[in-house]
K.L.:
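Let me give you the structure first, and then I'll get to my questions.
Just so it is clear, the model here is predicted, and its values are computed rather than measured.
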Amino acid sequence: QVQVVESGGASVQAGGSLRLSCTVSGYNYNMLLCMGWFRQAPGKEREGVAAITRGGTTGYAEAVKGRFTISKDNNTNTHYLEMDNLRPEDTAMYFCAASSACISLFFLQKTQYNFWGQGTQVTVSS
């Protein structure tokens, strides 16, 4: 059974930083084609924030470019989201996702992912 577990969410002030972690178990991590981070604010759709392919290609939503960095560690089956210069509008539940069959051109779309975590809350106050 595949398990996806996020951690690292917290409450911070605007301008602060956080690092989210996501560990995948129960599946050969090296066979996953894409790993991503999504977020969902109350009353809004879940949106793609950042993604990385098995080969290391990354992509970001326009709203977070230059502030967020996605990375992965194949040795520990973990991928990360480093978030700097956080803003109140970054407040959301953040979800980790992994895909065994994604198309990298669309790897910021939630429909590309078949494994999901339960989410971790990020709150940014002004």
Side-chain angles (χ1 to χ4, degrees):
Q1 182 177 353
V2 180
Q3 286 193 314
V4 179
V5 180
E6 312 96 332
S7 62
S11 295
V12 297
Q13 290 194 324
S17 297
L18 282 175
R19 187 193 200 200
L20 305 183
S21 300
C22 173
T23 301
V24 180
S25 61
Y27 197 92
N28 186 337
Y29 191 80
N30 293 319
M31 296 302 293
L32 293 170
L33 298 185
C34 298
M35 282 68 75
W37 287 97
F38 292 76
R39 67 186 181 187
Q40 188 168 17
K44 293 190 175 181
E45 291 277 327
R46 188 172 299 188
E47 61 176 1
V49 174
I52 186 168
T53 67
R54 183 171 60 182
T57 299
T58 58
Y60 299 91
E62 283 297 324
V64 306
K65 277 184 181 178
R67 300 188 298 122
F68 290 13
T69 304
I70 188 170
S71 61
K72 64 185 179 75
D73 184 344
N74 292 341
N75 293 322
T76 60
N77 296 359
T78 302
H79 56 283
Y80 304 94
L81 185 68
E82 186 75 39
M83 305 186 293
D84 297 317
N85 192 20
L86 283 160
R87 303 168 180 169
E89 54 264 39
D90 295 319
T91 295
M93 184 71 78
Y94 282 70
F95 296 89
C96 170
S99 175
S100 58
C102 81
I103 300 172
S104 59
L105 186 63
F106 306 114
F107 65 175
L108 285 176
Q109 296 182 14
K110 57 183 182 289
T111 54
Q112 293 293 310
Y113 293 83
N114 49 340
F115 304 125
W116 289 89
Q118 294 299 305
T120 186
Q121 179 68 35
V122 172
T123 302
V124 185
S125 58
S126 58

K.L.:
About how many Å separate CZ of Arg54 and CE of Met31, when rounded to the nearest 0.5 Å?
P.N.:
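Between atom CE of Met31 and atom CZ of Arg54 there are 5.5 Å.
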K.L.:
So Val64 and Arg39, side-chain contact (heavy atoms from CB on, under 4.5 Å) or not? Walk me through it.
P.N.:
CA-CA 12 Å; Val64 306; Arg39 67 186 181 187; 4.0 Å; yes
K.L.:
With hydrophobic residues grouped by side-chain heavy-atom distances under 4.5 Å, do Val122 and Met93 end up in a single group?
P.N.:
no
K.L.:
Go through the structure and list residues passing salt bridge (Lys or Arg N to Asp or Glu O under 4.0 Å) with Lys44, not counting sequence neighbours.
P.N.:
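Expected list: none.
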K.L.:
Which pairs count as side chain to side chain donor-acceptor pair (under 3.5 Å) when at least one residue sits in residues 99-108, sequence neighbours excluded?
P.N.:
Ser100-Asn114
K.L.:
Sort and list the pairs that fulfil salt bridge (charged side-chain N to carboxylate O under 4.0 Å, His left out) and have at least one residue in residues 70-82, not counting sequence neighbours.
P.N.:
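Pairs touching residues 70-82 that pass the test: Arg19-Glu82.
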K.L.:
Suppose the criterion is ring pair (Phe, Tyr, Trp, His ring centres under 6.0 Å): which pairs have a residue in residues 40-76, not counting sequence neighbours?
P.N.:
none
K.L.:
Taking atom types as modelled, is there a side-chain donor on Thr23 or Thr78 under 3.5 Å from an acceptor on the other?
P.N.:
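There is such a pair (donor and acceptor under 3.5 Å, judged by atom type) between the side chains of Thr23 and Thr78.
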K.L.:
Determine whether Met83 and Leu20 make a side-chain contact, defined as any pair of heavy atoms from C-beta on separated by less than 4.5 Å.
P.N.:
yes
K.L.:
For the NE2 atom of His79 and the OG atom of Ser21, what is their distance to the nearest 0.5 Å?
P.N.:
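OG of Ser21 is found 9.5 Å from NE2 of His79.
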K.L.:
With rounding to the nearest 0.5 angstrom, report the SG to CD1 distance, Cys34 to Ile52.
P.N.:
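Separation between the atoms: 10.0 Å.
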K.L.:
In the single-linkage hydrophobic clustering (I, L, V, M, F, W, Y; side-chain heavy atoms under 4.5 Å), do Val4 and Val49 co-cluster?
P.N.:
yes
K.L.:
If you look at every heavy atom in Leu81 and Ala50, which pair is closest and at what distance?
P.N.:
CD1-CB, 3.9 Å
K.L.:
Please collect all disulfide (SG to SG under 2.5 Å) contacts where either partner lies in residues 41-72, sequence neighbours excluded, each pair once.
P.N.:
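Sorted pair list comes back empty.
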K.L.:
Of all heavy-atom pairs between Ser125 and Pro88, which one has the smallest distance, and what is that distance?
P.N.:
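That would be C-CG, 4.5 Å.
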K.L.:
Which residue pairs pass the salt bridge (charged side-chain N to carboxylate O under 4.0 Å, His left out) test with at least one member in residues 101-122, sequence neighbours excluded?
P.N.:
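Qualifying pairs, neighbours excluded: Glu45-Lys110.
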K.L.:
Of all residues at least two apart in sequence or in a different chain, which pass the salt bridge (Lys or Arg N to Asp or Glu O under 4.0 Å) check with Arg67?
P.N.:
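Result, salt bridge (Lys or Arg N to Asp or Glu O under 4.0 Å) vs Arg67: Asp90.
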K.L.:
Measuring from Arg87:CZ to Ser126:OG, what's the distance to the nearest 0.5 Å?
P.N.:
14.0 Å
K.L.:
Rounded to the nearest 0.5 Å, what separates atom CG in Asn28 from atom CG in Asn74?
P.N.:
9.5 Å
K.L.:
Would you say Gln13 has more than 12 foreign heavy atoms packed within less than 6.0 Å of its CD?
P.N.:
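It does not: Gln13 CD has 12 such atoms or fewer within range.
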K.L.:
Determine the minimum heavy-atom distance between Ala98 and Leu32, stating which atoms define it.
P.N.:
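Smallest heavy-atom distance, with atoms named: CB-CD1, 3.9 Å.
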K.L.:
Can you list everything that forms a side chain to side chain donor-acceptor pair (under 3.5 Å) with Gln109? Sequence neighbours excluded, please.
P.N.:
none
K.L.:
Check this for me: Glu89, atom CD, are more than 12 non-hydrogen atoms of other residues, nucleotides or ligands nearer than 6.0 Å?
P.N.:
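Yes, CD of Glu89 has more than 12 neighbouring heavy atoms, counting only those of other groups under 6.0 Å.
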K.L.:
Could you grab the distance from atom CG of Leu18 to atom OG1 of Thr120, nearest 0.5 Å is fine?
P.N.:
9.0 Å
K.L.:
Run the side chain to side chain donor-acceptor pair (under 3.5 Å) test against Ser7 and tell me which residues pass, sequence neighbours left out.
P.N.:
none
K.L.:
Looking at every non-hydrogen atom in both residues, tell me the closest pair between Thr91 and Gln121 and how far apart they are.
P.N.:
CG2-NE2, 4.1 Å
K.L.:
Using the ring pair (Phe, Tyr, Trp, His ring centres under 6.0 Å) rule, collect all pairs that involve residues 80-102, keeping only residues at least two apart or in two chains.
P.N.:
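Residue pairs passing ring pair (Phe, Tyr, Trp, His ring centres under 6.0 Å), neighbours aside: none found.
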K.L.:
Which pairs, with at least one residue in residues 93-106 and sequence neighbours excluded, count as a salt bridge (charged side-chain N to carboxylate O under 4.0 Å, His left out)?
P.N.:
none
K.L.:
Going by ring pair (Phe, Tyr, Trp, His ring centres under 6.0 Å), name the pairs with one or both residues in residues 100-126, residues two or more places apart or in two chains.
P.N.:
Tyr27-Phe115, Phe38-Tyr113, Phe38-Trp116
